[in-house]
Amino acid sequence: MTLQPVRGTKDHLFEEAQHFQWIKDVCAHQATLGGFRRIETPIFEFTEVFHRLGESSDIVTKETYTFEDRGGESITLRPEGTAPVVRAVISNGLTQKLPLKFFYAAPMFRYERPQKGRYRQFHQFGVEFMGADQPLVDVEVMALGYGTLKALGIEKKVTLKVNTLGDKHSRSSFTKALVDYLTPLKDQLSEDSKTRLAKNPLRILDSKSPQDQEILKGAPTLAQHLTPEAKSYFDQVVEGLDALEIPYEIDTKLVRGLDYYCHTAFEFVTEDLGSQGAVIAGGRYDGLCEDLGGPALPSVGWAMGIERAQLLSQLPEQEPQDCYVVPVEDGDFASAQRLVMELRREGLHAQMFYKGALKKQLKKIDQQGAAWALIYGETEREEGGVMARHLPSGKQEFVSLKDLPHVLRKGELQ
RNA sequence: GCGGGUGUAGCUCAGUUGGUUAGAGCGCCAGUUUGUGGCACUGGAGGUCGCCGGUUCAAUUCCGGUCACUCGCCCCA
C-alpha cells in the first residue's frame, strides 16, 4: 500500500458515495422547499477574501491551503463557505434584490490534524439568509436546520444549543469586562487560555480546562452587558423557537471568535462523534459584508458537516431495480447487447457481462444485488421473449419482449 | 502544533517469551460434467508481518525514526 490518498482525504466508494449524495440531496430538497436557491462559487478565492475576516482565527492564520499561482496571485482554497457566498453577492451586485437565500454543498479545505469526523478535504452543506435582520429570520434558519436533521433521521442524536452574542455594544463592553476580570488572574489560567486572553478572549468561555471553568464561575456574564435591544432580540428568537416547538438549550458558553458575528449563535451538537461534536454550526453575521468591503448586509446562516451527518445517519434501503441480460452461448452476446440498449431506451436500468458461462454470470449478477436476470439465448430469441428470473424471489418465467418493460417496471412476475 | 493507542492476506483478527516453508474466518478463483445464483463439499491463488534504520549469529517479534489510522488536547467564521 504505497499509493495512498493525501493525508486527511478519502475516496467515497459505492454505498458510501451514494450515502454522501443522498445527504446532499435531502439537504438541497429541504432548502429548496424554503425558497433557497443553489449557488456554486469557485473552490478558491483570492487569499484576501479570507484574511480580511479572520486574522484572529487559526483557520485563517494556520490552517489554509494558500499558494501563489503562476500569475503571482495569492490564492486560498476555501476553508468555509460563507465568505465566498458574500463575496459573490458583492461581485454580482446582488444587494439590490433583498432578501437573498442561498444554499451550497461544496468541498472545503483545512490543514488540520485528521480525526474521526475531521478531514483536510471535507464537505459542507450550508444556507445563508441575507438582507434581513429580524429575529424570526434566525428562527426560520434554525428551523431549517432542525427540519433537515429530521429529514436525515438524526434529529434525536443532536441537541440545538443557542446563545446570543449581543449587538456590537453588548459585545465590546462584555469583552472588556471579561478581560478586566481575567487579567489579574492570568497566572491561574491554562496555557491555551493565556494566549486566548490576548488574541480571542471570548474563546476562554468554552475552554475545556477545569481550572479555567473554575475561574470563570466568578466572571461577568454577557447577560449583564446586553443592551435592552439585544436582550429583546434574543427573547424573540427564543420565543420563536418555542412557538415552533423546536427543542433547544441555551448555552451561555457558546461563542464565535470573530467580530462580525452578533446576536444569535447556535450549534446542533452530538455526543456520538467524540470531540468533533458540531454537526451544524451557524449564527448571525451582520458585519461580514462590510468587513469585505461591501454594503451593510445583515445575514444569518449555518453549515453542516456532511461527513459528520454521514457518520450519524443511515442510507435508506432501496429496492434493487437493475436487470442483467444474460446471453447463453458465445453467439448470443451481440443480440443480448441490442436488447440491453432497447431496455435503456425504455428508461430501464439494464446491463450485461461480456463473458462467462451462464452459471458464472448468474452468480455475479446475484452478487451485484440486481433484481432481474433476463436469460436470452437462441430459444428465447426464436420465441420473441426472455426467460425472466426474479432474483429476490427466485421465480422465473417466460416473458415476451412486448410485455417485458411492463413486468420490469412492476418489479414482479404475474 | 502537542500527548496516548494501533499498524500481520481484499476484510476482521490470531500468532511468534527473537530461530528453518507466518495462520484462521470471511471474501476471491476453479471444480462437484452438458442453459440457471444464494446452500454444501473439494481444491487453489493471495502477505518483502506499514516503511527506513539500529541491536543481534539471527528481527515480523526488541529499540529508534518515519508514515498512516485512531483517541484526547488545540482549532472549529
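The chains referred to below are lettered A, B, ... by the order of the sequence lines, with proteins before strands, and numbering in each begins at 1. Reckoned from all heavy atoms, side chains included, excluding hydrogens, waters and symmetry mates. Since we're looking at a predicted model, the values are computed, not measured.
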Output the rounded distance in Å from NZ (A:K359) to C1' (B:U34). 11 Å

For A:Y285, report the nucleic acid contact type (base, sugar-phosphate, nothing); a contact means any heavy atom under 4.0 Å. nothing

Would you say B:C76 has OP1 or OP2 under 4.0 Å from some side-chain N or O of A:R203? yes

Whole-Å distance separating the CD atom of A:E112 from the C1' atom of B:C76: 7 Å

Distance in angstrom units between A:R7 CZ and B:A68 P, rounded: 4 Å

What is the distance, to the nearest angstrom, from the CZ atom on A:F122 to the P atom on B:A77? 11 Å

Can you find an N or O donor on one side and an acceptor on the other, under 3.5 Å apart, linking the side chain of A:Q396 with the base of B:U36? yes

Rounded to the Å, how far apart are A:E191 CD and B:G1 P? 20 Å

Using a cut-off of 4.0 Å on non-hydrogen atoms, how would the nucleic acid contact of A:R52 be classed: base, sugar-phosphate, or nothing? nothing

Under 4.0 Å between any heavy atoms, over every strand shown, what does A:R256 touch: base, sugar-phosphate, or nothing? Just pick one. sugar-phosphate

How close or far is atom C1' of B:C39 from atom NZ of A:K363, stated in whole angstroms? 11 Å

Looking at side-chain heavy atoms only, is the closest gap between A:T270 and A:L312 below 4.5 Å? yes

Rounded distance (Å) that lies between atom P of B:C73 and atom CD of A:Q115: 8 Å

Over how many whole Å does the gap from A:K208 atom NZ to B:C71 atom C1' extend? 12 Å

